[in-house]
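Heads up, the thing below is written out as structure tokens.
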Protein chains: 2
Amino acid sequence: MIRLSKKADYSLMALKHILSKENQPSSTREIAQTYGIPFEVLAKLLQQLTRKGFLISQHGTKGGYSPAKLSGAITVRDVLEAIEGPQAILDCSNPRKGPCEQEKSCSVRRPLARVEQKVLDLLGKTTLGEI
Amino acid sequence: MIRLSKKADYSLMALKHILSKENQPSSTREIAQTYGIPFEVLAKLLQQLTRKGFLISQHGTKGGYSPAKLSGAITVRDVLEAIEGPQAILDCSNPRKGPCEQEKSCSVRRPLARVEQKVLDLLGKTTLGEI
DNA sequence: TAATATCCGTCATCAGGAGTCGGATATCTT
DNA sequence: AAGATATCCGACTCCTGATGACGGATATTA
């Protein structure tokens, strides 16, 4: 199956929320309650997004997360790669997997790789501003 | 993550193999050995593809599978849906899943659904003939 | 100092993907 | 008729990865 993980969904929702309130930082608790996302899960995601440079974090009371980029400068693909690592639709083009057993005899690899590239391009062209 | 399952990969390879030898039926064993696919797994896939009308099966010695359609009449999406059921990138548009918890508060659903549609269209336009 | 944040590693749970096993049925060759 | 080669089908195990829970440390504000 082809699908977006919950983590990816949560990340996109949270980023959009934070971007829509750039004047004041949004706390994990606030976002979690608003969208019904498990607190601990969301916390990890926001930490990751901060390390990757999408957000700026602020400790203490009145703290929370603020955007580090404009919504037009973040693509769906950027977010997916920050949360889930390199995106690959085919196992044989996935750097996290080992070599493909069928490599030599596989007749569909190259053509499917073109399809894969088109999908990734589409995700790479869609910014959070458009979402 | 976004990815094609092994089943989908195997199915595409097998279909392409069978289509390339339409004069004589291809047996499960022959295909499994050629591409290093587990026999039992491939057998199930070919049975499914037969029930869905992509292949014609022939029992007995010299039996095997023959194509039921032209390669240009089968799309990647057709195959995915035959093997894995309705394709959905978002859980909230997946008929196999229950209702989405965040439905009311989710701000990304509609725009992401447009992206999803584009990906599905791309898969629906790519035929086995092009692969 | 108390309250509210982020921060971080670790563990538990569980569904779905991937593959195995056993046995039934149909067809061709000898 | 017998044996070999096929497809056919259900049920089962195994295991990775997605998801989420817990405990505790650190930073900031009132």
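All chains are named by letter (A, B, ...) in the order of the sequence lines, taking the proteins before the strands, and each is independently numbered beginning at 1. Just so you know, these numbers come straight off a predicted model, no measurement behind them.
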- [ ] Could you tell me the separation between the NZ atom of Lys52(A) and the P atom of dC7(C), rounded to a whole number of Å?
- [x] 15 Å
- [ ] Using a strict cut-off of less than 4.0 Å between a Lys/Arg side-chain nitrogen and an Asp/Glu carboxylate oxygen, indicate whether Arg77(A) and Glu81(A) qualify as a salt bridge.
- [x] yes
TODO: With the side chain of Ser5(B) defined as its heavy atoms from C-beta on, choose the nearest nucleotide among dA18(C), dC7(C), dT19(D).
DONE: dA18(C)
- [ ] Would you name the heavy atoms of Ser26(B) and Ile31(B) that are closest together and state the gap between them?
- [x] CB-CD1, 4.0 Å
Open item on the list: Show the nearest heavy-atom pair for residues Ala68(B) and Ile56(B), with the distance to one decimal.
Closed with: CB-CG1, 3.8 Å
- [ ] Run the salt-bridge test on Arg109(A) and Glu116(A) with the 4.0 Å N-O cut-off and return the result as yes or no.
- [x] no
Task: Leu19(A) versus Leu70(A), closest heavy-atom pair with distance - done: CD2-C, 4.5 Å
Open item on the list: Roughly what angle, to 10°, lies between the helix axis at the start of the helix from dT1(C)-dA30(D) to dT30(C)-dA1(D) and the one at its end, five pairs per end?
Closed with: 10°
TODO: Round to the nearest Å and state the distance from Leu42(A) atom CG to dT6(C) atom C1'.
DONE: 12 Å
- [ ] Might you point out which heavy atoms bring Lys125(A) and Glu130(A) nearest each other, and give the distance in Å?
- [x] O-OE2, 3.3 Å
Open item on the list: Measure CD1/Ile37(A) against P/dT19(D) and give the value in whole Å, please.
Closed with: 12 Å
Open item on the list: Protein within reach of the bases, or only the backbone? For nucleotides 21-30 of chain D, mark each nucleotide 5' to 3' as B, S or -, using heavy atoms under 4.0 Å.
Closed with: BBB--BBBB-
Open item on the list: Looking at Arg51(B), I'd like to know whether one of its side-chain N or O atoms comes within less than 4.0 Å of OP1 or OP2 on dT7(D).
Closed with: no
Open item on the list: Expressed as a whole number of angstroms, how long is the span from Asp91(A):CG to dA18(C):C1'?
Closed with: 11 Å
Open item on the list: Under 4.0 Å from OP1 or OP2 of dC8(D): is there any side-chain N or O of Ser57(B) that close?
Closed with: yes
Open item on the list: Let me confirm one number: the CG-OH distance from Leu15(B) to Tyr10(B), rounded to the nearest 0.5 Å.
Closed with: 15.0 Å
Task: Heavy-atom pair with the smallest gap, counting every atom of Ala43(B) and Tyr65(B) - done: O-OH, 4.4 Å
Open item on the list: Looking at every heavy atom in both Met13(A) and Cys106(B), which two are closest together, and how far apart are they?
Closed with: SD-SG, 3.8 Å
Task: Between C1' of dT25(C) and CD of Gln47(B), the distance in whole Å - done: 12 Å
- [ ] Mind calculating the distance between CG (Leu45(B)) and P (dT20(C)) to the nearest angstrom?
- [x] 13 Å
- [ ] Consider only side-chain heavy atoms of I, L, V, M, F, W and Y, link residues closer than 4.5 Å, and tell whether Val115(B) and Leu120(B) are in one cluster.
- [x] no
Open item on the list: Is there a side-chain contact between Leu55(A) and Leu46(A) in this structure, where contact means two heavy atoms from C-beta onward sitting under 4.5 Å apart?
Closed with: yes
Task: Any residue of residues 6-33 of chain A with a heavy atom less than 4.0 Å from an atom of DNA chain D - done: Lys6(A), Lys7(A), Tyr10(A)
- [ ] Specify the separation, in whole Å, of atom CG of Leu80(A) and atom P of dA18(D).
- [x] 13 Å
TODO: Using atom CD1 of Ile83(A) as one end and atom P of dA18(D) as the other, report the distance to the nearest whole Å.
DONE: 12 Å
